[in-house]
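Working notes, beginning with the structure itself.
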Amino acid sequence: MVSPVLFWVVAILTVVPALSLLFARKAVHIAMSIVCVMVGLAAAYVGLDAPFLGVVQIVVYTGAVMMLFLFVLMLVGVDQREDTRETIKGQRWIAFFTAGGIAFLLISVLGRVSIAPQAARVGNPEEIALVLFGRYVLVMEVLGALLITAAVGALIMTHTPRLTPRRTQSEVQAARVLAGADPVNKPMPGVFARHNALDVPARDPEGKPIEHSVSRVLEARHQMSDGDEFRTRLENTSNPEDSQLPNGAPSADSDERTPRIGEEDQK
Amino acid sequence: MLTLTWLLIAVPLASAAVLLLAGRRADAWGHWLGVAASGTAFVVGFVAFLQMLGLESEERATSVHLFSWIPGGELNLDAGLLVDPLSMTFVLLITFVGTLIHVYSVAYMEHDADRRRFFAYLNLFVAAMLLLVLADSYLLLFVGWEGVGLASYLLIGFWNFKREYATAANKAFFVNRIGDLGLIFAMGLMFSYFGALDFDSVLSQAPEATTAQLTAIGLMLLLAACGKSAQFPLQSWLGDAMAGPTPVSALIHAATMVTAGVYLIVRSAPIFNGAPNAQVVVAAVGAFTLILGALIGMAKDDIKKALAASTMSQIGYMMLAAGLGPIGYAFAIFHLVTHGFFKAGMFLGAGSVMHAMNDQVDMRRFGALKGAMVVTWVTFGLGWLAILGVPPFSGFFSKDKIIEAAFVGEGWQPWVFGGAALIGAGLTAFYMSRLFFMTFHGKARWTDEVHPHESPALMTVPMMILAVGSAFLGLFLAMGDRFTHWLEPVTGHAEHHEPVLPVPVLIALTLILVAAGGLLAWLRYGRAEVPETAPSASLATLAARNDFFQDSVNRAVVQRPGQHLTRTLVYVDATVVDGAVNKQARGWAGLGEASRRLQNGQVRSYAATMLVGLVIVVAVIVVGGL
Amino acid sequence: MNFVTPEIAWAPLAPIIIVLGAAAIGVLIEAFVRRPATRRTIQLGFGLVVLIAALGTTIAQWAALEGGGTTVMQFMLTVDRQALAWQTVILVFGILGIILFAARTRAGEPAFTALGSASPGSLEETLARRRGLEVTEVFPLLLFAVGGMMLFTCVTDFVFLFVALEVFSLALYILVALARRRRLMSHEAALKYFLLGAFSSAIYIFGVALIYGATTQTSFAPVGRAIDVISDRDPLLLTGVVLVLVGLLFKLGAVPFHSWTPDAYQGAPTPVTAFMGAATKAAATAALVRILYTSLYPLEWEISWMIWAVACLSMVLGTVLALVQTNVKRMLAYSSVAHAGFILVAFAGLTNEAVAALPFYLLAYGLATIGAFAVVSQVRERTEDGSVGAEAVRLGQWAGLGKRSPLLAGAMALFLLSFAGIPLTAGFIGKFEVFSAAIAGGGWPLVLVAVIASAVAAFFYVRLVVLMFLTDVPEGIEDAVEVEDSPLATLVVVVTAAGVIVLGVLPAGVLSVFESAAQFLVLSNG
Amino acid sequence: MNPINFVILAAILFSIGSAAVLLRRNAIVAFMGVELMLNAANLALVAFSRIHGQLDGQVMAFFVMVVAAAEVVVGLAIIIALFRARQTISLDEPAELKG
């Protein structure tokens, strides 16, 4: 017999997180909830005299499957939020009624089952091994084919081989310069700025903000302080010292500036 | 030789295969190969026929085993041929008339770049039709049945690379499929009742089955026959079939295709003998179609469409005869044979006329062609006399027998069926004479650019041979009831019954009606001027038209009610029957469009479909189990 | 606690071992042969040799088989005549499929993408094409699929069946995603097929769990015996059975479990559609036959209404939906749904005739399917710069094909007529066999529906025939549509066309072979 | 307590999983729903295994786990490929195939 306490703990530990599949918005939250369900199921297996499966459950599901899910979630963007408004007419009702119907029917069927559980307890790993490599050995063999198929399939769909020859560091750098990138390192954020902070763009010698000096992450989060914002703050300030920029750089609003090398040729 | 009858099918089939596969290389000689194949089939058939004549009448049925076709536990079916007087009659008709049409086509299709392909299809058609009549089981018959259908589409569509013809062919296919359904259902019923599909087992077990079973099978066979033989309500495809080259029409109407339905019914005689109700329905369908066809024939100005309507009507006679039971079977086939000759002759004549008139088909543009095309005029005229039933030409002997047989019986039946057959004879006389006079007599109403001329010998010789048949075949076969005795092993011996009216009276009545019909037509279309455009339908214009005294009588007595009836029936034909087909097609398509919404491209909806199905099934199981 | 080595008769498994082993070797070939073009040649040759060897082995086993067959492993797997017959059918489809997989256009373009991971229109894709890369892994994947399907026909255990099902399904999911042209559609089709497939597998395995709960067994024959013992209707058992059947009906593509079919058929690379359409249906039917006849037949009365309802729905919906299609591939897909219905008709009454009729039906259907899709793969659109592009699948683009390529169009017409069940084609004999089996089993109402459905179905098949032969070549289509003549595809078309005709005219030999295959080694009552 | 209650729990989880497939537009979440259904089947198998005092149920559950793992690999690979091409994993997005 199984302890009722265990059952109820498992029931709550699985059903409640599982409901996040229907109601939670963030995929990551759902994935973590499912991890919880998997752990709950592992507990159930142990309670049902299947310790081997309990361990396998933890290893395979929480350890591998769900981690793979999380991995892919991160790949496609952890921050994905799902709009839960329904787009297909009536889909929500159909879903609840059919799923509810399935649950109702299965429970009504199972509720009337009266099989007395056997007292015999089986389930230690050695016994499982005997069955696994005895009666089910052919299935084991075929699973090999299954796993090869899965691996080959995943490789085909995701692996991109090197299509261009590997480039050396100097080639990379040469290409960058050719493409018009700064030959030297990008300025650090906060350089020449009023604020020595990561969210403030650097300024070039002319005082213009260099927007790409700030991390893209901050940019995506809209946590970057805008260069223009500083410019206006600079213009509006009454402190004369402020107009005197350090290192003698020309002021931001000055129209006159010395042309850069190369610009002259274009004129 | 009887065991070599498989050559009948194999030779044209092989020829068709050669012609199709050889491609352009065979363009030079392909048509002659086609003629030779058909001719060889005729020779084989004729030799077998002579051999069969040498046998006692009980021994004339021979089974030719070909190969084991579908082996199986319950149903073990071999592919085999049944050569007996009935199938031999058809073989001779198909190969003889078919060969003549082949010869004719050599000249008729001379300028067509695809003549070789045309002959391949003709050969295919002949082979399929021979398979149909020689098969020894319903299933093998069905193979030929579908083959005929397929070949006819290839031929009907031969000239038409236009979309509207394609849709017409599609519709024709659909109508024919309804007929095919009948045959399939009939086979299903036979299989479940008798556990067999070969003629031998089915027909020998038929007397032991219940009337209800036989009636069901009979009605399904009738549906099949209606589809192929263009009987009401599945007649509408016949008009579409006119789109093909004229030799095809001749082949379809005279020797192949439309005769298949009559063959099916006569072949299944033991089934119908046990199902009187089904027989009455067959006769009724025949009687109705013969009148309907005649009325439609009156309304057509297109020479080929008028001839097509006449085919419908004449096949109606055959169906009527077949529905009368043992007394009618032999006459049905007799009429089929004579009809095969005169109708083929007339179609070839029509083709000759069209050849001369730059493919013009509107009879209002013909007239006075007898001078320009003497041979065509004479041969067509013999066919015309034959279809009218003027003694001593062929049609008289065959049609008159059917009219007599229709008057046999008790209660209302002889009066209705006999009456229909009698009236039909009068109507036939009217519209066929109309056709004849409008084409060959009266004033020339040709358009300017045509210069009628007689067709080449390759075309006229077949017409002459057929004309000889139209003239004398009936007399030859009727003498001493030769034909009836010949078919007796298959159709059974029919007791002689007296019609409800004395035979001489019937003959006299028939001839009077025929004469009246012919005379009316002469007055309207031979002597009088025929307007070059069809008269419009409104009563006002009718009243305004030239008003001879005879015409008024004519119009009041025959024409006006006739016209209304004709119009109504043609309207019914065009809207209700065609409409039903179209509507049905639309209905299916509408259902498709509606179900299409289920497949909305959303995988979640797909999953929902699955789950809903699952829930329903489980719910039924669980609720049923509680 | 000592381990008893299980007794396994390996010899009868030889064809499956050959195929699955070769698939694994095929993966190794991928690793060791560098040049894509060489790889393709080797994979094709290797795959062909392997499949033909497997076919030979299967036939040799048939010839050598004494009695009903061999129990390879008690409760798990038997190789009997029935299984060998189905394996032969599947191997034939596999051989035709692998040839079609290797077909290329005149410009040397294969049907599969150059790089599975590259997104359409990306730089990687262009580079990969320029480098002449090719996903030659499709050949081993096909071998895995064939092996899985062969297993599917001879396993006798619900769990083993599940594993076999996954082996071929996973390979197919990937294959569907690898179209060279219209890659977005291909991806979409793969995702839909995969998600619904996984969904149905989950339903199936839950059903197995319920059956296990009700009977303590998962092997076909013991389950059947247990069903016999359970006197009254056990809802737990019945629910489990229904869930299991749903999983199989999904693979068969029967309504309402069909919705993946049109999308997957249309989106998949055409050679994959050809193989999948033919072989999956055969495998699913084989499994269904075995389960129904060796395990579930005591429940015949309880589940027959479900089979009837699904059969009717499939025939009607498949037909009417095919009527309104304007895409050739999609039309054929819906026609396959209708054919799933015809297949189910055979199960009326669970007669012995049906066991003989179904392999023939599937062989006839599969040959015509592979042939038809092979033709589809040859009719191409021409892009504006004059190169040959994706397949021309709009019906209108097929207008006048009979004039331009009479043999190809003629073959297509033959396949369509076979689908429609016109005499002298294999489809006619197949339908005839199936329907007479159903009539023998008392299923005449089903046959009635089937006959009407096939009459209506003939309409859309013939519409395409009419379009090809009786319609003028529309203006400009000469330039817009190009007919390819890949020798490999032509070979497949010729072979399938010949098969369709031979099976239609002289079916006796094949029929009697399948007739003698209509026996199971292990029955629940024996 | 009778282990059959665990089967009832499995039925509930199965329904939740199937509802997720019907409701969620995020392909990964829908796929997690399928995984939950497979796990429910496993729970049922293990519970029945306990009820019958047999090992077969556990072995089957083990096989299901392996199969599920393989399925996840393939499924996620397809989803990634789709994401690369379309920059979305919404199931509503790709609907070129319909009708």
Side-chain angles (χ1 to χ4, degrees), chain A residues 1-4 7 11 14-15 18-19 21-22 27 30-31 34 37 41 44-45 48-50 53 56 60 64-65 68-69 72-73 75-76 80 82 87 91-92 94-96 99-100 102-103 106-107 110 113 115 117-118 120 122-123 127-128 131-132 136 139 143 146-147 150 153-154 157-158, chain D residues 1-9 11-20 22-26 28-29 31-33 35-36 39 42-43 46-47 49-56 58-63 65-74 76-81 83 89-90 92:
Chain A
M1 290 301 111
V2 187
S3 126
F7 173 76
T14 51
V15 173
L19 285 174
L21 265 178
L22 308 184
I30 298 172
I34 299 298
V37 175
L41 288 176
Y45 297 161
L48 287 165
D49 296 327
L53 273 190
V56 173
V60 172
V65 171
L68 196 58
F69 267 105
V72 173
L73 271 177
L75 207 66
V76 301
Q80 287 212 343
E82 197 180 339
T87 44
Q91 178 77 4
R92 186 167 295 179
I94 295 173
F96 280 119
I102 289 274
L106 287 175
I107 290 170
L110 290 164
V113 171
I115 315 172
Q118 303 275 324
V122 286
E127 286 168 352
I128 289 188
V131 180
L132 204 56
Y136 291 96
V139 187
L143 280 177
L146 184 76
L147 292 176
M157 295 306 292
T158 54
Chain D
M1 190 178 225
N2 193 322
I4 196 77
N5 289 318
F6 279 99
V7 186
I8 293 179
L9 178 61
I12 293 171
L13 292 176
F14 184 81
S15 316
I16 294 175
S18 63
L22 265 61
L23 279 175
R24 302 307 299 241
R25 257 174 288 172
N26 185 324
I28 296 179
V29 177
F31 190 24
M32 282 195 246
E35 286 300 313
L36 188 65
N39 271 284
N42 275 352
L43 181 58
V46 174
S49 171
R50 172 69 190 80
I51 292 172
H52 297 322
Q54 279 184 342
L55 275 175
D56 298 63
Q58 292 187 27
V59 176
M60 283 181 250
F62 174 73
F63 289 140
M65 284 180 193
V66 179
V67 168
E71 220 169 46
V72 166
V73 169
V74 169
L76 290 179
I78 292 176
I79 291 174
I80 289 177
F83 175 75
I89 49 168
S90 165
D92 282 8

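The sequence lines fix the lettering, A, B, ..., with proteins before strands; numbering per chain opens at 1.
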Open item on the list: So which residue, D/V67, D/V46, D/V74, ends up with the most heavy-atom pairs under 4.5 Å with chain A?
Closed with: D/V46

Task: Side chain, backbone, both or neither of D/Q54 within contact of chain A (heavy atoms, under 4.5 Å) - done: backbone

Task: A/V37 versus chain D, the contacting section by heavy-atom distance below 4.5 Å - done: side chain

- [ ] Working to the nearest 0.5 Å, report the span between OG1 of A/T14 and CG of D/N39.
- [x] 10.5 Å

TODO: Specify the closest pair of heavy atoms between A/A154 and D/A77, including all atoms of both residues, with the distance to one decimal.
DONE: CA-CB, 3.7 Å

Open item on the list: What I'd like to find out is whether the side chain of D/R24 reaches to under 4.5 Å of the side chain of A/I30, using heavy atoms alone.
Closed with: yes

Open item on the list: Looking at chain D, which one of A/V60, A/L146, A/I94 has the largest number of heavy-atom pairs inside 4.5 Å, strictly under?
Closed with: A/L146

TODO: Drop me the distance from A/M157's CE to D/I79's CD1, to the nearest 0.5 angstrom.
DONE: 10.5 Å

TODO: Report the C-alpha distance between A/V65 and D/M65 in whole Å, list the side-chain angles of each, state the deciding distance to 0.1 Å, and finish with yes or no for side chain to side chain contact (heavy atoms under 4.5 Å, CB included).
DONE: CA-CA 10 Å; A/V65 171; D/M65 284 180 193; over 6 Å; no

- [ ] Against chain D, label A/I34 side chain, backbone, both or neither, depending on which of its atoms sit under 4.5 Å from a heavy atom there.
- [x] side chain

Task: Note, A/F96 side chain near D/L22 side chain (heavy atom, < 4.5 Å) - done: no

TODO: Name the option with the most non-hydrogen atom pairs under 4.5 Å to chain A; the candidates are D/I4, D/I78, D/D56, D/I12.
DONE: D/D56

TODO: Name the member of A/A11, A/G153, A/A150 that forms the most heavy-atom pairs with chain D at distances under 4.5 Å.
DONE: A/A150

Task: Proximal component of A/L110, with respect to chain D [non-hydrogen, under 4.5 Å] - done: both

Open item on the list: How long is the straight-line distance from CG of D/L55 back to CG of A/D49, given to the nearest 0.5 Å?
Closed with: 10.5 Å

Task: Between A/L68, A/V113, A/L147, the one whose heavy-atom pairs under 4.5 Å with chain D are most numerous - done: A/L68

TODO: Determine the interplanar angle of the D/F31 and A/F69 rings, folded into 0 to 90°, and report it as parallel if under 30°, tilted if 30 to 60°, perpendicular if over 60°.
DONE: tilted

Task: Contacting moiety of D/I16, where chain A heavy atoms sit under 4.5 Å - done: both

TODO: Side-chain contact test, heavy atoms from C-beta onward, threshold under 4.5 Å: evaluate it for D/F62 versus A/I128 and give yes or no.
DONE: no

Open item on the list: Any non-hydrogen side-chain atom of A/L48 less than 4.5 Å from a side-chain atom of D/Q58?
Closed with: no

Task: Portion of D/L43 that has a non-hydrogen atom of chain A nearer than 4.5 angstrom - done: both

Task: Which portion of A/L41 sits near chain D, non-hydrogen atoms under 4.5 angstrom - done: side chain

Open item on the list: Distance check, rounded to the nearest 0.5 Å: A/Y45 atom OH versus D/N42 atom CG?
Closed with: 4.0 Å

Open item on the list: Please give me the minimum heavy-atom distance between A/A18 and D/L36, naming the atom from each residue.
Closed with: CB-CD2, 3.9 Å

- [ ] Could you tell me whether the side chain of A/L106 reaches within less than 4.5 Å of the side chain of D/I8, counting heavy atoms only?
- [x] no

TODO: Please report the closest heavy-atom contact between D/A20 and A/L22, naming both atoms and the distance.
DONE: N-CD2, 3.5 Å

